[in-house]
Amino acid sequence: MCGIVGYIGKQKASPILINGLMRLEYRGYDSAGISTIEPEGLVVMKDKGRVKNLYDLDGINDLKGTIGIAHTRWATHGKPSKENAHPHQDNSKLFSVVHNGIIENYNELRKFLTDKGYKFYSDTDTEVVPNLIHYYFSKDDEKDIKMRLLKAIKATCADLKGSFALEIICKDLPDNMIVVRKDSPLVIGKGDGENYISSDIPAILSFTRNFYLLNDLEYVFLSRDSAEFYDKDLNKIDKQIQSIEWDASSSEKNGYEDFMLKEIYEQPTAIRETIGAKFNENSKCEFDELNFSKEYLSSVNKIYIVACGTAMHAGLAGKNVFEKLCRIPTEVDVASEFRYRDPLIDDKTLCIFVSQSGETADTIAALKLSKERGAKTISISNVIGSSITREADYSMYTHAGPEIAVASTKAHTSQIVLLIMIAIYFAEVLGKDSKELLELKKELLELPKQIEQCLTLADTVKEFAHKIYQEKDVFFIGRGVDEVVAKEASLKLKEISYIHSESYPAGELKHGAIALIEKGITVVGIMTDPTLVEKTVSNLQEVITRGAKTLIVTNQKIDKSMFDVVVEVPETNPFLSPVLSVIPLQLLAYYISKEKGLDVDKPRNLAKSVTVE
Ligand code: G6P
């Protein structure tokens, strides 16, 4: 999805802006552009295609401005083209604007402005913004130009329906920039005599680790060495700086060929950090963020875990644990469905929202709906200060470090671990069987080492990837928690290898999909639940008889002779096995994508953070 970078300081802005945009490439985009304040006025340079194409634009190296805004666009309104790329300007070229989000009422605003004589040169929703600012700015007689601009931007924002993060520069205020956001991320990084702006922390992490996080409709008036904050009525407010733990090298590849491979290998650390000091073998699980009483938890009639994509699969792995440990009915919903299906929510419902980025539009909307209906809400996110954390009653963090590859790996396993820890905390508050909980905690602490063991399977998986990378269809099957892993493995494969894949509960395959099994088709079986392993073996026999090739992921003693390849993961508590058995299958997707020569980190049509509905 679209990305924003901005700079205001003493250095030449354009290289900083282009470098920042490159760090946002993982989000997915189709065009890019920058605008800087030059002695002769505002200059805009933009083009379709890769960020690096900006370096080929005539005159880009001559830009001297030390203030500028920049954008990568992921087309929503209007095709990918130079005209539709950001920044956009008003007709008199007084303002340059970049925008993330969607202006839902842009047609209406465009008509309003066209009737007033404004002309439009792109198909975007964004182009109404600089023109509206111009409209309000030019009809005000306020003498103080700074206040006049702030008032014009405020009036513009009041007209906009939808979501936006905006960076605005003005020819008449050559030493300033104004930014504002609503339902779309934007942070300000504080440097020494300079300020950096971005939609994503990793883009500017190499410049600073001190950030101001903005709430909806807070306006920021930036100078080189200051940032003034205003609330929605333009009253001045104070804002605290927050330091981010991530260091710059955590968003570099550090010798790995791709971010995805690096992030797969970072999983032992991500899990260690997520567990942190929240418990040890003998202590109860404690969260500074949660203070639930036994009385409250006993009154909870239902838990909903709501998320999208891979985060939703983490929710499925967590569901079991809440139901079995806490005996609270738990449902998992895809956020885009949950919000429209009139879910049964009241003040005894607890809703948990899981989102790596904390910015997924559907997940945020589902959270808002749950709050409106009286539920208590918990967010699980990997990004400090992300939108979801500000909406939820309780915000919890996975400590996976920045995840750059579009296909989520370390965030997913960290989410499962955090959900299980929350379930343990609930069970302890509820006074459930402490022996079972102690055992589970002991095994949780073993996970990082066991993940390291799983990573040693890479060569075997790579070999299998080489055998099947040209195939058209792959099936993943499992029962119980293993079916959750089948779902995630199938998603991972289709996301980055473009091979059609499906996942099935192993016993369900024969009710339809088995019709597709023929000689040479690959079926991946996951078998870690000792009570179900024999049943899944029978289902695998059914596909082998029909000519399928098989890859098995298991921690059970099975007769290996009937399968093509068996990879063994360490044995653990069945609640935890999804964290281990998914690792070889993340590697499988990765190596197949590499064999096919694809861009692993930036798969086609996908975005890391889906900030539109
Ligand atoms: C996109 C990404 C997925 C991710 C999903 C949810 O579809 O491509 O990798 O799982 O969004 O993202 P979130 O940030 O909410 O976890």
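This structure is a prediction, so every number in the text was calculated from the model and none was measured. Note that ligands are numbered from 1 as they come in the structure, with each ligand's atoms numbered from 1 the same way.
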Around atom 14 (O) of ligand 1, find the nearest protein heavy atom and jot down its residue, atom name and distance.
S357 OG, 2.6 Å
Measure the distance from atom 16 (O) of ligand 1 to every protein heavy atom, then report the residue, atom name and distance (to 0.1 Å) of the closest one.
Q356 N, 2.7 Å
Heavy atom under 4.0 Å from ligand 1: found in E359's side chain, backbone, both, or neither?
neither
Assess, by modelled atom type and distance only, whether the side chains of E359 and S386 contain a donor and an acceptor separated by less than 3.5 Å.
no
Considering non-hydrogen atoms of the protein only, which is the closest contact for atom 12 (O) of ligand 1, and what is the distance?
T360 OG1, 3.4 Å
Looking only at protein heavy atoms, identify the closest one to atom 7 (O) of ligand 1 and say how far it is in Å.
V610 CG2, 4.0 Å
Tell me whether the guanidinium CZ or amine NZ of R181 lies under 6.0 angstrom from the six-membered ring centre of F164 and within 45° of its axis.
no
Is the shortest distance from a heavy atom of E495 to ligand 1 less than 4.0 Å?
yes
Checking a contact table here: which protein heavy atom is nearest atom 11 (O) of ligand 1, and how many Å away?
K608 O, 4.0 Å
Of all protein heavy atoms, the one nearest atom 6 (C) of ligand 1 is C308 O, 3.4 Å
At what distance is the nearest protein heavy atom to atom 10 (O) of ligand 1, and which residue and atom is it?
T310 N, 3.1 Å
For the 3.5 Å polar cut-off, considering only N or O atoms, please tell me whether T363 and ligand 1 meet it.
no
Short list, please: which atoms of ligand 1 are under 4.0 Å from a heavy atom of A311?
10 (O), 16 (O)
Below 4.0 angstrom, N of the basic side chain to O of the carboxylate: do E331 and K319 qualify?
no
Taking only residues two or more places apart in sequence or in another chain, which ones pass side chain to side chain donor-acceptor pair (under 3.5 Å) with K494?
S490
Does the side chain of K594 come within less than 4.5 Å of D258's, by heavy atoms?
yes
Is the shortest distance from a Lys or Arg side-chain nitrogen in K262 or E257 to a carboxylate oxygen in the other one below 4.0 Å?
no
Work out whether the distance between some heavy atom of V406 and some atom of ligand 1 is less than 4.0 Å.
yes
Pick from A607, G358, P603: the one approaching atom 2 (C) of ligand 1 most closely through a non-hydrogen atom
A607
Using a strict cut-off of less than 4.0 Å between a Lys/Arg side-chain nitrogen and an Asp/Glu carboxylate oxygen, indicate whether K239 and E218 qualify as a salt bridge.
yes
Less than 4.0 angstrom from a charged side-chain N to a carboxylate O is my criterion; do K376 and D347 meet it?
no
Quick one about H313 and E488 (side-chain donor to acceptor, distance below 3.5 Å, no hydrogens or angles considered), yes or no?
yes
